[in-house]
2 protein chains.
Amino acid sequence: MPAELIERDAVSRILAAARELFAEHGFDAVSMNAIAEAAGASKANIFHHFKNKDELYLAVLKTACANSCEQIERFGQDEGSFEQRLERYAAEHLNHILDNEQVTRLIQRDLLDNGPRRGRQFAEQVFGQNFGRLVEILREGQLRGELRQDIDPAQVALMIIGTNLTFFQAREVFRHFPDVNFAGSPETYSRMAMDIVLRGIQPHGTRNAEKE
Amino acid sequence: MPAELIERDAVSRILAAARELFAEHGFDAVSMNAIAEAAGASKANIFHHFKNKDELYLAVLKTACANSCEQIERFGQDEGSFEQRLERYAAEHLNHILDNEQVTRLIQRDLLDNGPRRGRQFAEQVFGQNFGRLVEILREGQLRGELRQDIDPAQVALMIIGTNLTFFQAREVFRHFPDVNFAGSPETYSRMAMDIVLRGIQPHGTRNAEKE
DNA sequence: GTCTATACAGGGATAGAC
DNA sequence: GTCTATCCCTGTATAGAC
């Protein structure tokens, strides 16, 4: 028996199977037959619980994003210096997208799709939540003079998120590049990237980035 | 008549239509019927020129990437200071991916479709070419002491490319974010991002980033 | 709620005339 | 090289029994 997620009700199994398959292959490449088989249910039963394929996809995205957003809420919450918070946020964010590979892929797919709008809202929700929290932290730091005034917090937030997303997206590719040593180590990558960013956004004349 | 690309031979029209549709909607979402209609040719004629759908897709990717790589060769070629070259490279790269939206989307899609699937090679080719050129420039700068020694050039290259790709990928989303002012202006975005990166990778104690 | 069986549309791909 | 017509399969979705 497929040991992974047995003993759960059909709806849960269907959602889990659908999430995995949609994330891996994309909406159009996945048939209801495949989902039914992976979920250990009949195709007709899926249609009993979800009106059609689109609605199933939407349900997958909805539960996945809700779960993801819940985790994001906790990023960078704790106390600590401005730099520590930022560094921690970046590390936690990278960790999060790697741990939730399926959701991340779903969202990236959705961002790429120009066609049916389907669940764009959820992609925007997750992306926007991360973005908003980061901007908040950065604004606060700016008020307290802990980063340059002549800088757009939104820009920095986007750089941090983007740097992490790039790692996620391209890690399998640059794993084969001779120049790259950090492919297998997100921690190293995150630390190095944030070292550059932090130094880049320091107020002019500051010099206290190292602490080890 | 569809004014865009008329008067060309069938193969060109087919490739152009296929590139547009694949980029927009993804491989599985596009039917040969749709391509035939968009290209103003019959489905049978497509199959006359391309063995099957996969081969057509591969041909699209191949020509698109070849064209793209040709342009990349010219990035950052000219003389100028290290910082100027880097800045120029970043700006040209962002410009390039925006101008070649279809190719960029094709590659991102291909990257996402991790499976035992198609032309991963092309993604590696384009990505790798950009990456390699950037690392080269950075190494050179490092030798001449124009950027920190304790930094991995590959890391910086990835940050620059990733920052640009993120702009491309998410610009439609953060266009609606109140915090973002640079959504419509890649030039502004690129300048601001590189300002941070350049300051972040300067040798300790340098202070000559501004020149205007 | 869950199944088997089935309807029916659209997909990729081919035959064969011109 | 290009077309029309057609094949056959797989996809989504439904009917109806249990």
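Throughout, protein chains are lettered first and strands after them, A, B, ... in sequence-line order, and every chain is numbered starting at 1.
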DNA chain C: A:H49 or B:F47, which has the more 5' nearest nucleotide? A:H49

Output all residues satisfying salt bridge (Lys or Arg N to Asp or Glu O under 4.0 Å) with B:K62, sequence neighbours left out; order by chain, then residue number. none

Parallel, tilted or perpendicular: which fits the ring planes of B:F75 and B:Y89, with parallel below 30° and perpendicular above 60°? perpendicular

Show every side chain to side chain donor-acceptor pair (under 3.5 Å) that has at least one partner inside residues 158-170 of chain A, sequence neighbours left out. A:H93-A:N164

Interatomic distance, B:D54 CG vs C:dG11 C1' [rounded to whole Å]: 14 Å

Chain A contact limits on DNA chain D, taken 5' to 3' with a cut-off of 4.0 angstrom to heavy atoms: D:dG11 to D:dA15

Looking across every strand, which nucleic acid part, if any, lies under 4.0 Å from A:V30 by heavy atom: base, sugar-phosphate, or nothing? sugar-phosphate

Classify the nucleic acid contact of A:N33 as base, sugar-phosphate or nothing, counting any heavy atom under 4.0 Å across all strands shown. base

B:S31 near the nucleic acid: base, sugar-phosphate alone, or nothing, with a heavy-atom cut-off under 4.0 Å? sugar-phosphate

Most 5' of B:G40 and A:A44 on DNA chain D, judged by nearest nucleotide: B:G40

Let me know the distance between CD of B:E37 and P of C:dG10, rounded to the nearest Å. 13 Å

What I want to check is whether the side chains of A:E73 and A:Q129 have a donor and an acceptor closer together than 3.5 Å. yes

Go through the N and O atoms of the side chain of B:K43 and the base of C:dG12, and report whether any donor-acceptor pair is under 3.5 Å. yes

No-hydrogen, no-angle side-chain donor-acceptor test under 3.5 Å, A:D110 and A:Y57: yes

Give the rounded distance in Å between these two atoms: CG of B:L21 and C1' of C:dG12. 16 Å

Salt bridge flag under 4.0 Å for residues B:D179 and A:R139: yes

